[in-house]
Amino acid sequence: MAMTRMPVRRVLDYTVLSVLAFVFALPALYLFLGSLKPSDEVLNGLSGFLPTHLSFDNYAAVLDSLSSDSTGYFWQFMGVSVLLSFVVVTGGLIVNSMAAYGLTRLKWRGQNAVFTLVLLLMLIPFESVAVPLFYMFNGQRNTLFIQALPFVANAFAIYQFHTFFKKIPPSIEEAARLDGAGPWRTFFAIIVPMSRPVFASVAILTFLIQWGSFLWPVLMVSDPAVRPLPLEMSVFQGQQPPDWGQILAFGVLLVLPVLIVFAFFQRWFVEGVASSAVKG
């Protein structure tokens with residue numbers, strides 16, 4: 001009887017999950033189909049899901065409309081976002097992993113107090129400190145530096161690294177210490193290669209946050225030369241009359257790098273999530 005119930009339960013589970021996955025995928029499907037349709041057919045309710053009159057004209061129109069000094073260049077906006085995301089992700093992986101290692105493995109006075117402060121910082125939303133940061137760095141507006149600096153160090157990333165590092169057996173580091181390895185060599189030669197899942201998880205989450213960053217660029221950027229892609233999309237969407245086919249095409253171009261990054265780090269990201277679930 002139990003053997004009969006188990007396949008039925010599994011079929012029900014997969015059916016429910018498949019339905020939920022389909023429901024959550026509908027907006028993405030609507031975005032993609034709408035980007036291939038004329039503007040007057042985009043906002044047609046459920047009929048927008050019908051694959052009719054499809055073409056890549058909207059994509060060509062977006063690239064053509066952003067190809068002059070007066071409007072700025074699409075690939076320039078894309079390049080700014082790619083550069084900022086690369087700096088924030090790379091710098092964040094280095095800074096936050098080293099901070100977490102120091103809080104997890106090294107013994108020093110005030111360690112617990114600093115870690116408690118990190119946990120408290122996780123509770124403070126960026127919106128609450130955006131205006132003070134704006135006045136503090138007002139002289140650095142319209143620079144790439146100020147768009148990246150506030151997001152390199154991240155309390156949640158430190159917590160993720162800290163949680164993962166605690167699961168690594170101390171005996172591994174003790175063996176390395178007996179072989180003459182110091183903290184730096186132990187970290188880069190042993191801990192980092194063993195921590196690829198958490199590095200992938202932090203990289204993807206950091207990239208998602210930075211790639212979609214909007215509030216901070218709104219406050220700090222007015223020069224099109226250093227305008228990231230999400231901010232440019234808001235400018236593009238505000239043009240009158242709005243061309244919804246082109247707007248959705250812009251949205252697809254904005255989302256595409258996220259899918260590429262996730263596909264590249266997918267295996268390690270899933271491993272990191274799975275290991276965190278097992279620990280929980």
Side-chain angles (χ1 to χ4, degrees), residues 1-37 42-52 54 85 89 92-93 96-97 100 103-104 115 118-123 125-126 154-172 190-212 248 251-280:
M1 197 70 169
M3 295 295 293
T4 306
R5 267 199 221 102
M6 184 59 70
V8 174
R9 173 68 179 275
R10 185 171 298 177
V11 170
L12 288 175
D13 289 343
Y14 278 104
T15 301
V16 172
L17 291 175
S18 299
V19 171
L20 290 175
F22 177 73
V23 170
F24 283 112
L26 284 179
L29 178 62
Y30 197 99
L31 172 68
F32 178 70
L33 290 176
S35 70
L36 299 174
K37 291 188 169 193
V42 172
L43 303 181
N44 284 341
L46 294 179
S47 62
F49 288 103
L50 298 177
T52 57
L54 303 184
S85 298
V89 171
L93 290 177
N96 297 317
S97 63
L103 289 169
T104 309
F115 183 65
V118 170
L119 296 179
L120 292 176
L121 289 174
M122 291 173 55
L123 305 176
F126 178 76
N154 185 280
F156 183 65
I158 294 175
Y159 175 75
Q160 284 183 290
F161 280 116
H162 180 274
T163 302
F164 191 90
F165 291 161
K166 284 186 68 175
K167 297 186 296 182
I168 298 177
S171 58
I172 296 177
I190 298 176
I191 301 299
V192 171
M194 294 178 61
S195 306
R196 284 181 296 181
V198 69
F199 272 87
S201 299
V202 172
I204 290 178
L205 294 176
T206 303
F207 177 80
L208 287 174
I209 295 172
Q210 178 58 37
W211 187 261
L248 294 188
V252 172
L253 294 173
L254 181 63
V255 171
L256 190 59
V258 177
L259 299 179
I260 294 174
V261 170
F262 181 78
F264 183 78
F265 288 102
Q266 178 184 9
R267 194 185 86 184
W268 296 302
F269 178 73
V270 172
E271 289 179 6
V273 172
S275 62
S276 299
V278 171
K279 180 177 176 58

For the [atom1] atom of [X] and the [atom2] atom of [Y], what is their distance to the nearest 0.5 Å?
X: L54; Y: T52; atom1: CG; atom2: OG1; result: 6.5 Å
X: N154; Y: I209; atom1: CG; atom2: CD1; result: 6.0 Å
X: Q160; Y: S195; atom1: CD; atom2: OG; result: 12.5 Å
X: T104; Y: H162; atom1: OG1; atom2: NE2; result: 4.0 Å
X: R196; Y: F164; atom1: CZ; atom2: CZ; result: 10.0 Å
X: L248; Y: L253; atom1: CG; atom2: CG; result: 11.0 Å

Any S97 side-chain heavy atom under 4.5 Å of I191 side chain =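 The answer is no, as the side chains (C-beta and beyond) never meet within the 4.5 Å cut-off.
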Taking C-beta and beyond as the side chain, do I260 and L256 meet within less than 4.5 Å on heavy atoms?
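In contact.
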Qualifying residue, where the test is side chain to side chain contact (heavy atoms under 4.5 Å, CB included) with V202 and the options are I204, L205, T206: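 Of the listed residues I204, L205, T206, the side chain to side chain contact (heavy atoms under 4.5 Å, CB included) partner of V202 is T206.
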- request: Could you list all the ring-ring contact (aromatic ring centres under 6.0 Å, His included) pairs where at least one residue sits in residues 192-211, not counting sequence neighbours?
  value: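 Sorted pair list: F161-F199, F207-W211.
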List, one per line, each side-chain donor-acceptor pair under 3.5 Å for residues 26-34, sequence neighbours excluded.
unit_1 : atom_1 : unit_2 : atom_2 : d
Y30    : OH     : V42    : O      : 2.4
Y30    : OH     : G45    : O      : 3.4

